[in-house]
Each structure stands twice: as structure tokens, then as C-alpha cells.
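For reference, the structure discussed in these notes is given below.
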Amino acid sequence: MGDRDESQKQAADAKAAVSSAVDADEAPLFFETLVRGSAEELLDAGAHGDLDSMRHSSAHVMAEAVQSIFPGAQLGIGPAIEDGFYYDFLLPRPLTPDDLAAIETGMRASIAADHPFVRNEVSFHEGKELFEKMGQPFKVEILDDLAAKAMAAGTPLPPTTTYRHGTFVDLCKGPHVASTGKIGPFKLMTVAGAYWRGSEKRPMLQRIYGTVWSTQEDLDAYLARLEEAKRRDHRRLGVQLDLFSFHDVSPGSAFWHPKGQRLWRTLETAIREVQDKRGYQEVSTPMLVHKKLWEQSGHWANYQDNMFVMESEGQTFSLKPMNCPLSTFIYKSKLRSYRDLPLRLSDFGRLHRNERSGTLSGLTRVRHFVQDDAHIYLRPDQLQGEIKALLGEVYEVYGWFGLDPKFTFGTRPDKALGAQELWDTAETQIKAALDELGKPYRIKPKDGAFYAPKIDIQIEDALGREWQTATIQVDLVMLPERFDCTYIDENGEAVRPMTIHRAVYGSLERFIGVLTEHFAGAFPVWCAPVQAVVIPIADRHVDGARELEALLKARKLRVEVDASDNRMQNKIRLAQEQKVPYMLVLGDREIEAKTVAIRNRAGEQENGVTWDAFVERLADETAARRP
RNA sequence: GCCGACAUAGCUCAGCGGUAGAGCAGCUGUUUCGUAAACAGCAGGUCCUCGGUUCAAAUCCGAGUGUCGGCUCCA
């Protein structure tokens, strides 16, 4: 089925929100082309408000400082972005942290001088000549593109607008703040490589990211937000909580430790329960699959670079990057009647995708992952009802975590396979299902997959970052046509079913990564790897602790006893660090009365609860799956 | 894949041409304790790998691998 997206965003990434707005898709089955880096986009510095103007102005001031340090520096573009700004430069050598400090110093001097920003408009040709003389080929290229565009549209050449402050002049549409002195507290963050106009075939420039705010408090708050994000980083918490690890013998593939696997299994069990209830049938399909299957599906032609391919006895095989084509073999293993539909086949298959080395990142961008994948074969008249039910599934599941899913409806792109009429019907039904749900949703026109309209589901984590997780894709062509799936209708004729690819968690790996950051490692009681730690105060209380442990384990609750000779205080500290929901302290009083002193991870205390009462309480909380 | 940075004990990190360090964790002993760290001792390293420069390399240089921040890609 489709898959995860790549909007792997760190709050630290000042650019994140911008890029995700552009390409937060989730890799459907065929390529979708995005046109970006057009001349207009390059000129639009994103300055649409006071703060944005200031950010864009900061970019100019930074360019000025860079040029005074590197006189021949060629300028790319320098827009405002969420939380700050950047500017791209072609420089004679790589920048160092010392350079950043020097650039900051230069910027402060310019801000102190309070140069006014002066707008100037000249003819196109004068403008071009100006930037040619200044030795700014990238700016000239932008102007040439604008000219070509005007030519094509039969409109007159646009004038060239520039902004000057002090001696620094830049091609720019504006707007800017009145003068450099209006620029607030700023900080240069990082240097990164960035291709000119986003093309791998063009030169790589050095991009400097900076952040700037109206007040010192805002800047401090932003930096604090970055610190908080770092504290919640799932890669860091994964080590601290002993959930998983990564090793260079298998880059991009997690090794799940016992506690991580326990969490995984809890999530898997929970979604299985939903699937069983909803009439899914679980299947399991091979991981190693002959090339001819991928030729038929189109993956061989279009996705080969992302597949792990191997030879055996003169035959070519690949690790599957998706489950979808495999399910057709089960569908087609016998003649299907219209009475059999919808047929819902779920598959927790292990997928491998050979992602380029530089793109891997923790659990959110991996080479090996598992989706809570399913393929639903249904009659066209069942579509609306099924979509509605699937949206309900998403709501139910996300409710377990207190997550609020956001739906984005992607409609027919220009290049689409399948009859217009089929698309219209599908889109009408999807829209009806969304409307029936009564929750707000976004529509992204032409954002559907090549073969299918789709609903993507995003969630926002505790820091306001958005992640693509679930997806529902209505496949009109790919599985039905390419794999020649049919069912026998009421008239005894073989007709095409529709198919739906769906995943609720998306990839379990990514979902766990997102959950870890959302909860800062303090998972809800129902899915916490360790739900309670029993803490005997002294050795003589260990037997009682084992008794209580047995009671809890008999109910399949996840509990540990800390029988070390640490002091109680230290045992509590360790449990707090592991973010265990309940600490059950047992001393003389408790053993005597068969009670526990409960301390939860918020530090709240409740004494004298009987063992039975606690077992029931924890069992109830676990079954309820409350966030 | 591309640009840049980083890689030292299980973890977090210091050391940056001249005998490998700290805290935590671990082990041993003592301690048996009432809500976020008891005390003492011991052990622990191919300083990522390979090559080079040097009398001498964890330290400088090159290549490789991995990770991180970006870019690109992402059926």
C-alpha cells in the first residue's frame, strides 16, 4: 500500500514546516511530480507579515555580512521561513562555526547602523545589467526566467525591483522593514548544503539558517522549544527507556529491545482487535519475491532503485517494498462472488526499501518497517460505506492516544489512470463519507495518487509538529486492472472490484517514534512497556512483592519487581526515570494489611490500597485504552 | 546520493602531537532503609576501520563506514 511520508521534521529544522507543506505526501504507488523552484517562487521571499518582513530583511543583512567577509560570494535566494530565514551562497570554501560568529558580528554592526531599506525600480534590462556587473549569475538566471515567462505569456517585460540598505543591493520583491535597526534578536543556527533551485544537477550552495524574533523573550521561547524537542527526541528516549537501538550492521533498521517489543506487541494486539471486530482476515505473504511480480506491478520500472534485489540460481528476486501486489494472489486463489465482498485482507508484512543513505533518520525514516497494512476488495456500491467505516477506525485508534487526526483529501491529478467517470464516482463517495463524518478536512486538489484518490491522515504531536501516519487510498486501477482481479456479479458476469489500501498506524516504527515524542516517553498506562514497578522497602518485603507481582501477571499486566538492595528512594528515582506509570511501595504496614502505597509518575500518592483493588484498577485502565 | 559536522568505557562527555580520564551504569563488600541518588573498593578502552605524515598519532592528513543537521529523492 502507500506508505509513510518523509516529512521527518525536527523543530530544530527551521525549514521543516515549509518543506512539509510542499511534499508531505505519503508515497503512493506512482510518481507525482512537483514543480518547484519557479522564478516567481524564488522571488517570493515569503514576507507576508511584519514578522516575515523582518525575517526576510534579516536575510539581506546576513547576505551583506557574508559578502563583506567573502567579497566574491554569489547569492542564491534568501527567503523568510517559519521561525526565521535562510540565504544560499556560493562561496570559495566551506563555512566553519567561526565564520558564523563573524557573520553574526557583521550583522550586528549593520543593525546598529540602522540603514534604511530603499526600494528601487528600474527597467528589466537595466536590472539585468546591474546584476551582471555585480557578478551575480544566479540573480541573472532568475531575471532571464522571468523574461522567458513574460515572452511566453505575451506580456511586457516586468520591471526589476531591488532593495538596498547601506551599500548592499539585492534583487527582491520586498517588502522589508523600514531599516535594519528594526531587526529584532536573532541567532544564526546552522549551515547546510542546498542545491540551486532544488535540482541535484545544479551546483550545491551553502545555506545558512537563522532565526529572528520581535523580542528577546520570543527568541528565548523558541530556543527553549528546540531544547524541549531535543529532550523528547525518540532517538534519545529510545536509549534511555531501553526500547530499541540501531547498529551499523543494518543501517536504517531498528533492533527492538524487550521493552520496545512489548510496546510494539501491545499496539499490534490492539489494532488486531479492531480488525477482527471489523471483519478483516489476516494473511501473511512472502518477503522475497520474484522480479516478474514487480514487472507486472510496475515497481520494477519505477521503483527499482528503492528495492533490495538479489540473484539466486539465475533468477532475480527482491525484498518486497510493499505488500499490495501480494494480496492479489490470495484474492485470485478462487472465484469471488459479489456476496464475498468486501473482502478485507490485513497483512503485517515486513517491508524493505532501499532509501538513500543520507535520508535515514531514527524510526521515522527507515529501510525496514512493518505497516498495519490492509487491502480491501469491494464493489463500487460499497465504497462510501467502507470509507466511512475506515475513518471511524482511525478515530477509534487515535483516541487511544488522545491524538486528533487531520484528514486531507487528495483529488484526481492531471495525469491519472482510469476513466474519468470512475474517478468522479469515487471522489463523490469519498467526499460524502468525509462530510458524513462531520469533522473538518482539507482538500488538496489534484493531490491524489495517479491511480487513486486518497485521504491522508496527519497528526500533530505535543510540540505542534505534524506527521503523516495513516493513509486511505482508493485504488481504481493498480490492483484491479494490472492484476486482473474480478468477481462474479448478480448477473453472473465477471466484473472489476475496487480496492482500498489502508494503514491506520502507518508504519509501526514511525508511529512508535511519533508516540514516544508525543508523550515524551511517558506512554499511557494501557500501552506502557512496564505498567508498574513493585518496590519492596527492605529484603523482608521481597516475598510479598513477588506475591503481588504474580497477581498482576496473572491478569497479563506488565509489572516488574525491583529486588535490588538499593534504597527505596533510589528505586523510585529509577522508576521515575523509566517513566513507569505506577510505583507500588511495600513495607511492613502494607505487607501486614495486603495493601500497597501507590505513587504515580506525577508524584501523586495514595496509601492503603488493597492488592485486589489495585489489580482491578490496572486491569480496567488497560482494557479501556485511555490516553 | 550531495554539502557540512561528528564518532573516546554500557550511557553522557572531557582530553586535541609525548603514560587514555570523569560522572552515571556494572561487579564485590558493607548497608535493609518510607516516596527522585546509602558508603567503600574493584573492574571496564583496537580512542569507528584502513592507510599516510611523524622519533612519537585518540589528537594532523586521506579513504571507507555509521550517525547528526540540511538538500535531493521518496510507488
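So that the names make sense, note that chain A is the first sequence line, chain B the second, and so on, each numbered from 1. Atom set for the values below is all heavy atoms of this structure, side chains included, hydrogens, waters and symmetry mates excluded.
- Across all strands, E590(A) comes closer than 4.0 Å to base atoms (heavy-atom distances).
- At a threshold of 4.0 angstrom between heavy atoms, the contacts of A597(A) include nucleobase atoms, whether or not backbone atoms are also involved.
- Within residues 241-254 of chain A, the residues approaching RNA chain B are D248(A), P251(A), G252(A), by heavy-atom distance under 4.0 Å.
- Between R589(A) and E592(A) no salt bridge is recorded (no basic side-chain N to carboxylate O distance below 4.0 Å).
- Proximity of a side-chain donor or acceptor of K571(A) to a complementary backbone N or O of V533(A) within less than 3.5 Å is not detected.
- Put simply, R236(A) has no side-chain N or O that comes within less than 4.0 Å of OP1 or OP2 on rU67(B).
- Between R540(A) and D588(A), at least one side-chain nitrogen of the basic residue sits less than 4.0 Å from a carboxylate oxygen of the acidic one, meeting the salt-bridge criterion.
- Comment: R502(A) does not engage D373(A) in a salt bridge, judged by the lack of any side-chain N to carboxylate O separation of less than 4.0 angstrom.
- At the phosphate of rC73(B), neither OP1 nor OP2 sits under 4.0 Å from any side-chain N or O atom of R365(A).
- With respect to D83(A) and R225(A), a salt bridge is recorded, a charged nitrogen being found less than 4.0 Å from a carboxylate O.
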Do any N or O atoms of the protein come closer than 3.5 Å to N or O atoms of nucleotides 22-33 of chain B, and which pairs are they?
{"from": "rU30(B)", "atom 1": "O4", "to": "D565(A)", "atom 2": "OD2", "distance (Å)": "3.3"}
{"from": "rU31(B)", "atom 1": "O4", "to": "D565(A)", "atom 2": "OD2", "distance (Å)": "2.5"}
{"from": "rU32(B)", "atom 1": "O2", "to": "D539(A)", "atom 2": "N", "distance (Å)": "2.9"}
{"from": "rU32(B)", "atom 1": "N3", "to": "D539(A)", "atom 2": "OD1", "distance (Å)": "3.0"}
{"from": "rU32(B)", "atom 1": "N3", "to": "D539(A)", "atom 2": "OD2", "distance (Å)": "2.9"}
{"from": "rU32(B)", "atom 1": "O4", "to": "D539(A)", "atom 2": "OD2", "distance (Å)": "2.9"}
{"from": "rC33(B)", "atom 1": "OP2", "to": "R540(A)", "atom 2": "NH1", "distance (Å)": "3.2"}
{"from": "rC33(B)", "atom 1": "OP2", "to": "R540(A)", "atom 2": "NH2", "distance (Å)": "3.0"}
{"from": "rC33(B)", "atom 1": "N4", "to": "D565(A)", "atom 2": "O", "distance (Å)": "3.0"}

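- In terms of phosphate contacts, Y209(A) brings no side-chain nitrogen or oxygen within less than 4.0 Å of OP1 or OP2 of rC3(B).
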N/O-N/O pairs, protein side and nucleotides 7-16 of chain B side, under 3.5 Å:
none

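- Counting non-hydrogen atoms under 4.0 angstrom, G362(A) reaches the backbone sugars and phosphates but no base.
- Nucleotide rA63(B) is matched to rU49(B) when pairs are restricted to Watson-Crick or G-U wobble geometry with both distances under 3.5 angstrom.
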